[in-house]
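Note sheet for the following structure.
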Amino acid sequence: MRAIGRALYAHPRIWLAVLLVPPLVWLGVVYLGSLAALLVQSLFHIDDFSGVIVREPSLATYRQLVTTPANIDIIVRTLMMAMAVTLACALVAYPIAYRAAFFARGRSKAFFYLAVMLPMWASYLVKVYAWRQVLAREGIMTWFADVLHLRWALDGVLGLPAIGGPSLSASQLGTFIVFTYMWLPYMILPIQAALERVPSHLLSASADLGARPHQTFLRIVLPLSLPGVIAGSIFTFSLTLGDYIIPGLVGAPGYFIGMMVYLQQGTAGNIPLAAAFSVVPMVIIALYLAFARRAGAFDAL
Amino acid sequence: MRSETKTPLGLRLTSGAGLLFLHFPIAIIALYAFTTEDRTYQFPPPGLTLRWFASAFARSDMWQALWLSLRVGALATLLALLLGTMVAAAMFRRGFYGKDALTLLLTLPIALPGIITGIALLSSIKLAGLTPSMLTIVLGHATFCIVIVYNNVVARLRRLPYSMVEASLDLGADPLQTFRLVVFPHMATSLLAGGLLAFALSFDEIIVTLFTAGTEQTLPIWFYAELFRPRERPITNVVALLVIAVTTVPILLAYRLTRGSDDVAGLGK
């Protein structure tokens with residue numbers, strides 16, 4: 001054992017190989033191999049007459065994906081939702097991150113960490129289920145609107161086309177609220193990290209040079225924290241694009257990309273179409289990551 | 001500098017509302033575990049009862065699902081600890097060809113949407129002719145747990161002054177002793193924290209698991225099926241409380257183990 005230890009220390013390259021081979025084999029075979037298998041399947045297509053998967057590379061499935069109006073609707077709906085959710089998350093997260101970064105010290109700092117971390121790690125399904133209960137027609141939201149004599153406002157919002165529905169738990173608005181809730185911690189933490197890295201002497205300098213607090217915020221703090229916002233938006237975007245459980249549990253009829261992937265591989269048995277659909281978020285996220293990299297967001301992760 | 005007492009009112013209100021938004025659904029879960037109404041989510045509850053706790057604990061399928069989830073979590077965590085620590089040990093000091101690519105490869109399973117990992121694993125499981133089982137669930141979970149362990153351990157190793165390792169070797173300790181007496185004690189808590197987080201992640205996972213589980217039921221899958229039952233809904237709430245307890249304890253422990261350091265565990269998921 002000792003001799004082996006010494007020998008490995010004397011030959012760092014062999015030691016490196018010993019350390020790296022098992023994880024590389026795991027990630028390479030299990031993960032990259034699977035991704036490759038997925039991409040290959042997206043090049044197959046289903047024969048319209050026999051319903052059998054034709055294992056010949058072609059772009060037929062992709063053609064079907066982009067020429068069917070219903071599929072385009074799904075992609076557009078998912079993208080719009082991802083953008084709206086990202087924006088809402090940024091707006092709700094910023095004040096929390098700002099307070100945690102600049103005003104919390106010692107015990108209150110720990111409180112903010114835990115107050116964000118615990119909901120983030122609380123069970124995914126449990127949180128979605130909680131919102132089903134909150135947003136139900138007979139649930140606490142309706143009760144609350146009644147107590148405040150705002151029932152007319154709630155019904156008015158639910159009556160709106162596109163975002164409304166019979167109840168909050170069966171509307172696009174409901175889906176939007178739940179998505180925003182679910183990914184909010186993923187936005188708070190990177191913004192907080194970016195804000196904590198803003199050098200305090202810049203703030204003093206700005207104040208010394210006569211800038212008013214809102215000027216300091218707009219011209220120094222906000223630009224310096226933008227990489228954090230973009231880092232957070234990578235999560236909110238990616239998580240929304242790939243989710244297939246939330247819109248099924250809370251929301252109006254109308255599919256999202258993730259639901260299509262799940263449906264096509266399952267009951268429909270059209271693995272090629274499911275694979276092609278799953279390439280869409282991959283492409284969007286790759287483009288988004290390239291944009292984020294140029295904006296310097298990776299230093300804030 | 002500025003202190004908590006001088007937090008502007010507007011910031012107090014907006015951040016307070018945000019924090020309330022983050023926490024109140026969890027309270028709702030707890031409340032509905034005691035309601036006497038078992039078909040709708042009527043608010044306020046017409047009455048309160050403890051009977052759903054007894055009904056939930058009497059469900060043998062729930063216990064089976066819980067047992068499977070615990071076993072999967074333990075196995076996936078073990079694999080992730082092993083592989084994650086190996087990568088961390090290889091990456092923390094030395095530069096080598098392809099290091100950046102390897103970092104990307106590690107983060108890919110959590111950067112890409114879970115559904116892609118899920119369907120990708122399913123298609124290769126099918127291609128390989130495997131039957132989905134507990135083994136395939138563990139396969140998927142370990143893949144995205146590796147990076148959690150890696151992140152925790154590598155952050156800690158980076159703060160170990162390498163001169164301590166050199167001093168140990170100079171003073172006659174062999175590499176194995178140096179690892180046992182210097183390196184391991186330094187990274188032990190980060191290893192534990194990473195393992196706890198990996199377990200919490202695995203215990204709760206559903207997006208990938210629905211693809212790789214076949215007919216097996218982990219606790220989240222049991223829970224998901226339960227959401228479509230029209231009656232006895234508070235049973236789901238009781239189990240929800242149980243699930244929150246099982247995931248919160250490891251998170252708090254991981255936090256305690258690493259607080260005060262620069263690499264507080266649990267900030268990434």
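Quick note on labels: first sequence line is chain A, next is B, and so on, each numbered from 1. Every heavy atom of this structure was used, including side-chain atoms; hydrogens, water molecules and symmetry mates were not. Worth saying up front: this structure is predicted, and the values here are computed from it rather than measured.
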Side chain / backbone / both / neither for [X] at chain B, heavy atoms under 4.5 Å:
X: A/Phe277; value: neither
X: A/Leu39; value: neither
X: A/Ala110; value: both

Verify the ring-centre separation between [Y] and [X]: is it less than 6.0 angstrom?
X: A/Tyr244; Y: B/Phe211; answer: yes
X: A/Tyr31; Y: B/Phe144; answer: no
X: B/Phe223; Y: A/Tyr129; answer: yes
X: B/Tyr41; Y: A/Trp143; answer: no

Quick check on the interface: out of [options], who has the most heavy-atom pairs with chain A under 4.5 Å?
options: B/Thr117, B/Ile207, B/Leu112; answer: B/Ile207
options: B/Thr247, B/Thr14, B/Leu22; answer: B/Leu22
options: B/Ile244, B/Val243, B/Leu105; answer: B/Leu105
options: B/Val87, B/Ile119, B/Leu176; answer: B/Ile119
options: B/Ala200, B/Pro250, B/Ala142, B/Pro109; answer: B/Pro109
options: B/Gly10, B/Ala27, B/Ala120, B/Gly118; answer: B/Ala120

Tell me, side chain or backbone of [X] under 4.5 Å from chain A's heavy atoms, or both, or neither?
X: B/Leu122; answer: side chain
X: B/Gln177; answer: side chain
X: B/Leu13; answer: neither
X: B/Ile29; answer: both
X: B/Phe228; answer: side chain
X: B/Thr143; answer: both
X: B/Pro113; answer: both
X: B/Leu108; answer: both
X: B/Leu241; answer: neither
X: B/Tyr150; answer: neither
X: B/Leu127; answer: side chain
X: B/Thr236; answer: both
X: B/Ile28; answer: both

Sidechain-backbone polar pair: B/His23 side chain, A/Ala115 backbone, donor-acceptor under 3.5 Å: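 Present.
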
Donor-acceptor contact present, side-chain A/Tyr124 to main-chain B/Ile206, <3.5 Å: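 Not at all, since once roles are kept as given, no pair shorter than 3.5 Å links the two residues.
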
For a side chain to side chain contact (heavy atoms under 4.5 Å, CB included) check, start with the C-alpha distance between A/Gln133 and B/Asn237, then their side-chain angles and the critical distance, and finish with the verdict. CA-CA 10 Å; A/Gln133 305 189 315; B/Asn237 288 65; 3.1 Å; yes

Winner by heavy-atom pair count (cut-off under 4.5 Å) against chain B, out of [options]:
options: A/Pro23, A/Ala17, A/Ala37; result: A/Pro23
options: A/Leu32, A/Val126, A/Asp243, A/Ile271; result: A/Val126
options: A/Ser278, A/Pro185, A/Ser238; result: A/Ser238
options: A/Leu114, A/Leu24, A/Val18; result: A/Leu114
options: A/Leu239, A/Leu118, A/Ile285; result: A/Leu118
options: A/Leu184, A/Leu249, A/Leu241; result: A/Leu249

Considering all heavy atoms of both residues, which atom of [X] and which atom of [Y] are nearest to each other, and what is their separation?
X: A/Ala122; Y: B/Asp204; answer: O-OD2, 4.3 Å
X: B/Met86; Y: A/Pro22; answer: CE-CG, 3.5 Å
X: A/Val92; Y: B/Gly18; answer: CG1-CA, 4.2 Å
X: B/Tyr32; Y: A/Ile140; answer: OH-N, 4.4 Å
X: B/Pro25; Y: A/Ala130; answer: O-CB, 3.4 Å
X: A/Gly258; Y: B/Ile115; answer: O-CD1, 3.1 Å

Within this structure, what is the [atom1]-[atom2] distance for the pair [X] and [Y], rounded to the nearest 0.5 Å?
X: A/Phe103; Y: B/Ser15; atom1: CZ; atom2: OG; value: 9.5 Å
X: A/Arg137; Y: B/Gln42; atom1: CZ; atom2: CD; value: 14.5 Å
X: B/Leu79; Y: A/Trp26; atom1: CG; atom2: CH2; value: 4.5 Å
X: A/Gln265; Y: B/Lys126; atom1: CD; atom2: NZ; value: 6.0 Å

Could you tell me whether [X] atom [atom1] has more than 12 heavy atoms of other residues or ligands within 6.0 Å of it?
X: B/Leu135; atom1: CG; answer: no
X: A/Phe111; atom1: CZ; answer: no
X: B/Arg229; atom1: CZ; answer: yes

Please test B/Thr248 against A/Trp121 for side-chain hydrogen bond (donor to acceptor under 3.5 Å, both in side chains), starting from the C-alpha separation and ending with a verdict. CA-CA 7 Å; B/Thr248 304; A/Trp121 283 90; over 6 Å; no

Derivation and outcome, side chain to side chain contact (heavy atoms under 4.5 Å, CB included), residues B/Arg12 and A/Arg99: CA-CA 8 Å; B/Arg12 269 167 188 260; A/Arg99 185 168 170 190; 4.1 Å; yes

A/Leu27 vs B/Leu83, test: side chain to side chain contact (heavy atoms under 4.5 Å, CB included). Steps then yes/no. CA-CA 10 Å; A/Leu27 287 167; B/Leu83 296 172; over 6 Å; no

Taking side chain as C-beta onward, heavy atoms only, is A/Leu38 less than 4.5 Å from B/Leu121?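 Of all side-chain heavy-atom pairs linking B/Leu121 with A/Leu38, none is under 4.5 Å.
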
Are any of the side-chain heavy atoms of A/Phe102 and B/Thr7 separated by less than 4.5 Å?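 No, too far: nothing below the 4.5 Å cut-off.
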
